[in-house]
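Letters go in sequence order (proteins before strands), and every chain restarts at 1. These numbers were taken from a predicted model, which means no experiment stands behind them.
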Amino acid sequence: MAEVLVILGWIGLYAPMALGAIGSIIGCAVAGQAAIGAMLDTETGHGRYVGVSAMPSSQVIYGIVVMFTLNRPITEANASGIFAVGVLAGFALMFSAIYQGQCCASAIHASKAKPEIFGLSVAPAAIVEGFAVFAFIFALVISGGIPQS
Amino acid sequence: MSGENYKYTLLLSSLPVHPTELFETRQPPISRIQLDKRLALLETEDAEDLARIEALLHWSKMKELDDEAVVKQCMVMWHAIRNPFLKDIVMWRLELRTILTALRRRRDGESLTLGAPFDGFGERLRFIKKHWRESAFGMDALLPWVRQASELIEQDRPLELERLILELIWRHYQRVGQGHYFDFPAVVIYVLKWDVINRWTHYDKEQAVLRFDELVSAGLDGVSIEFG
């Protein structure tokens, strides 16, 4: 049982980073494809398309910070706490990155046809980012209650 | 999560957006050559499905066969389409054609009985035959446009009928396209809408008169008319 707990602890430690990275990969890939497609159809504004397509990369950074915050010697006493916080924060970051990528793809597609709505079209992606920030901040806050050893 | 729904993000983002109103359009947003270049991004199976759908919905790609053979051939192609959503879209168009054919045949004085052969598409063939004498084949409540189309056919107003049908098709594509933004059905709907725009923008009165003169000249070639 003790070994299983330690394994779960290690999974929880690396989960925010790994799941955040998976989310960012998928999100940036979807938004990036939309940006490249839009470049084929427009003559200007390419820089902002690329900029928007990079928005889902923040989740992996949050994941890294959560991972370092959770980083401590894994023991039976703290493994379950690390597992719970790490995995749940990881999933929140992963889903937010994926759906943010989809929001970004739609924003790029819409603002390509109507450049004047560019700012507004990015708002849904920013709102999704807000939820990722919630998951990130409260993972940091709650990890303070996990025993150091 | 992002698989099928975002499969053609690059392709669809590279295509110019269609206008909201069909009849305000003066030319297709992209040439067919450019469109075909972009469609090269489709996976083989999807490209085959799109080719089937276009073949089913383009008169120019139909072979000259009798009704029964056309229906049989179309049904074989229709069954080969893999996506049920796209099958529904195609069947909707084929059924629309069947209803228009029935309206024209009735205008031309044909009388269909329940036992008479009538080849067409959709589930309303029997219904049409049963209500042959009614102006909208008894479909007023279900398909309000049928009465309008019937009146335009009876009054011999082909341009208004064409506008009615194109508008109907356009609105249908817009409605069914909701919720499909970067997937394969979105690509198909884009191409079908492009076809509608292309059809509308290529109507040219002067060209039509020239073409009519050419056909008349070709038909009368070698025929001498004596004026008494």
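Neither the backbone nor the side chain of A/I108 comes within contact range of chain B, judged by heavy atoms closer than 4.5 Å. Contacts of B/L15 with chain A are made by backbone atoms alone, with heavy-atom separations under 4.5 Å and no side-chain atom involved. With a 4.5 angstrom heavy-atom cutoff, B/F182 touches chain A only via side-chain atoms. There is no contact between A/T42 and chain B, counting heavy-atom distances below 4.5 Å.
Looking at B/R106 and B/S150, their side chains do bring a donor and an acceptor atom within 3.5 Å of each other. Judged purely by distance below 3.5 Å, without hydrogens or angles, the side chains of B/Y6 and A/Q33 never pair a donor atom with an acceptor atom. For the residue pair A/Q59/A/Q100, the side-chain donor-acceptor check at 3.5 Å is satisfied.
Salt bridge status for B/R82 with B/D46: present, with a side-chain N to carboxylate O gap under 4.0 Å.
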